[in-house]
There are 2 protein chains.
Amino acid sequence: MFSGRAAPRAAIYAGRVGDSGNRLDEREYQVWRAFHRMHDKLALALNQHLQQDAGISESDFQVLAALAEAPRHALRARELREELQWEKSRLAHQIRRMEQRGLVARDDCPEDGRAATVRITDVGLSTVRGAAQAHAARVRELFFDALTPAQLDAFDEAGAAVLERLRQRCPAEAP
Amino acid sequence: MFSGRAAPRAAIYAGRVGDSGNRLDEREYQVWRAFHRMHDKLALALNQHLQQDAGISESDFQVLAALAEAPRHALRARELREELQWEKSRLAHQIRRMEQRGLVARDDCPEDGRAATVRITDVGLSTVRGAAQAHAARVRELFFDALTPAQLDAFDEAGAAVLERLRQRCPAEAP
DNA sequence: TCCCGAAGGTTGATGCGTCAACCAGAATAC
DNA sequence: GTATTCTGGTTGACGCATCAACCTTCGGGA
């Protein structure tokens, strides 16, 4: 398993001391740390490859991929945000940086004076097309190919349960 | 499951087009996105609570927790890095910021002129003690309590498989 | 002894992500 | 038809993370 590799150190965090309930037990603590490690290492590896291959980050890639799929290679910022589930300022900053590099462009929206539409440029399009296959292959290699079908199902289910919990418990955004 | 909630949009990324092999299928694509979403939302929620309760970030917490567990409430930077699996510059920056806020202190190491030892201060200690229980409770609430024992096992196994794969495939660091 | 390479840390630049504050246009109330 | 509120988006400040370059000290050789 994930766990059991590191020395057991969790008195504060996982606390067996005086225990006022709901702390983590040793195994949970290990699973939790390993989960973070997995995510971080995976993200790092993918980012490095993407940067190497195409000179873009995963965030760049996500934006470009969403736009490349969009009706006229453009989306209103609102839709893009919805698609990516990002905060608005995050998107604004990201788009600004990408615009500076010529990957996307911003236009005003005729129907709504407030809105902005984001459009992928030719450069952006060829960049994402060039990167997509290698990136997908990496994700497959490092993640999906490591899992048996049963593990994939289990992972999927477990993740869904957590997401559902987050939906219930966290303020998040308006309905 | 995780997947199946979003509109199927993945031609570029997951590509059924011309397919040169090893792309992601629709389900894999959805699982992948959902995995990221889960991680991001979880991390966000935990960070917000920690910030609210104790005025620290998760990174701060990890450092403080490691030091609080350590023999004399101090560790050599090298050991801390090993424990957290962080890059050295990441740790250096983090420690600098925490030192400025009075959470930790840096001392020279007598045995090795190059080394630095990081020590948790009284303030740091009471901060992390104050935060630990609520934080653990949050992790339990948002993550572990969402999972059945079987799902936890599955998650653990799947994570382990991916980590193992990463260990094999990625340069990472020297032995 | 001197030189050289490896190890332990630091620094600066830059991109990423959040928060809080802000602004303009649109909808709605009255 | 004006005041209020809501919505869509931007900005600035700040913390976080990586990379590349650097500095010191340690440990071995030749």
Side-chain angles (χ1 to χ4, degrees), chain A residues 36-37 39-52 55-63 75-82 84-101 103 106-118 171-175, chain B residues 36-37 39-52 55-63 75-82 84-101 103 106-118 171-175:
Chain A
H36 275 324
R37 263 221 269 298
H39 178 274
D40 292 352
K41 288 197 191 295
L42 203 45
L44 180 59
L46 291 172
N47 256 305
Q48 284 171 333
H49 286 299
L50 217 38
Q51 197 68 43
Q52 187 88 12
I56 58 176
S57 66
E58 257 220 85
S59 295
D60 294 332
F61 184 86
Q62 287 181 56
V63 169
L75 285 174
R76 289 186 41 172
R78 182 73 185 70
E79 301 173 294
L80 193 47
R81 238 165 69 213
E82 189 62 35
L84 301 176
Q85 297 263 294
W86 283 7
E87 294 197 1
K88 53 184 184 177
S89 72
R90 177 178 180 182
L91 186 62
H93 288 306
Q94 183 70 36
I95 296 303
R96 177 180 39 73
R97 287 187 300 257
M98 293 178 74
E99 193 173 24
Q100 283 166 3
R101 288 186 293 150
L103 295 171
R106 245 181 307 201
D107 308 310
D108 296 350
C109 181
E111 306 118 19
D112 187 335
R114 301 166 291 183
T117 74
V118 184
E173 297 89 56
Chain B
H36 276 326
R37 262 221 269 298
H39 178 274
D40 292 353
K41 288 197 191 292
L42 204 45
L44 181 60
L46 291 171
N47 255 305
Q48 284 171 333
H49 286 299
L50 218 37
Q51 198 68 44
Q52 187 88 13
I56 59 176
S57 67
E58 256 220 87
S59 296
D60 295 332
F61 184 86
Q62 287 181 55
V63 170
L75 285 174
R76 287 184 45 171
R78 182 73 185 70
E79 301 173 295
L80 193 46
R81 239 165 69 213
E82 189 62 34
L84 301 176
Q85 299 262 295
W86 283 7
E87 295 197 1
K88 52 185 186 177
S89 72
R90 177 178 179 184
L91 185 62
H93 287 306
Q94 183 71 35
I95 296 302
R96 178 181 37 74
R97 286 187 302 258
M98 292 178 74
E99 195 173 20
Q100 283 166 3
R101 288 186 292 150
L103 296 171
R106 245 181 309 202
D107 309 311
D108 296 349
C109 180
E111 305 117 19
D112 188 334
R114 299 167 291 182
T117 73
V118 184
E173 296 91 57

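Below, all heavy atoms of this structure are taken into account, side chains as well, without hydrogens, waters or symmetry copies. Below, chains carry the letters A, B, ... as their sequence lines are ordered, and counting in each starts from 1.
With values rounded to the nearest 0.5 angstrom, A:S59 atom OG is found 10.0 Å from A:L50 atom CG. The CZ atom of B:R37 sits 9.0 Å away from atom CG of A:L84, with the distance rounded to the nearest 0.5 Å.
One atom, CG of B:L84, and another, P of D:dT18, lie 12 Å apart when rounded to the nearest Å. One interatomic measurement links the two molecules: CD of B:Q94 to P of D:dT18, which rounds to 11 Å at whole-angstrom precision. Summarising the geometry, the separation between CD on A:Q52 and C1' on D:dC19 is reported as 12 Å, rounded to the nearest angstrom. Between the CG atom of B:D108 and the P atom of C:dT10 there is a distance of 10 Å, given to the nearest Å. Between the CD atom of A:Q51 and the P atom of C:dT14 there is a distance of 14 Å, rounded to whole Å. Distance, B:W86 CH2 to D:dT18 P: 10 Å, rounded to whole Å. Between A:I56 atom CD1 and D:dT18 atom P the separation is 19 Å, expressed in whole Å. The distance between atom CG of A:D60 and atom P of C:dT14, rounded to the nearest whole Å, is 17 Å.
Among all heavy-atom pairs drawn from B:E87 and A:L44, the shortest one is OE2-CD2, 4.3 Å. Between A:D108 and A:P110, the closest heavy-atom pair is O-CD, 3.6 Å. The nearest pair of heavy atoms linking B:R106 to B:E99 is NH2-OE1, 2.6 Å.
B:H39 and A:H39 have parallel rings, their planes meeting at less than 30° on a 0 to 90° scale where 60° marks the start of perpendicular.
At least one side-chain nitrogen or oxygen of B:Q48 sits closer than 4.0 Å to the OP1 or OP2 atom of C:dC19. A sub-4.0 Å separation between OP1 or OP2 of C:dC16 and a side-chain N or O of A:R97 is present. Phosphate contact (OP1/OP2 of C:dG15, side-chain N/O of A:S59, threshold under 4.0 Å): absent.
Put simply, the side chain of A:H93 and the base of D:dG12 share a donor and an acceptor less than 3.5 Å apart.
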If the sugar-phosphate is the primed atoms plus P, OP1 and OP2 and the base is the rest, what is the B/S/- string for nucleotides 4-10 of chain D, using protein heavy atoms under 4.0 Å? ---BBBB
What verdict does the side-chain hydrogen bond (donor to acceptor under 3.5 Å, both in side chains) test give for A:Q94 and A:R97, after you've listed the backbone C-alpha separation in whole Å, the side-chain angles of each residue and the deciding distance to 0.1 Å? CA-CA 5 Å; A:Q94 183 70 36; A:R97 287 187 300 257; 3.0 Å; yes
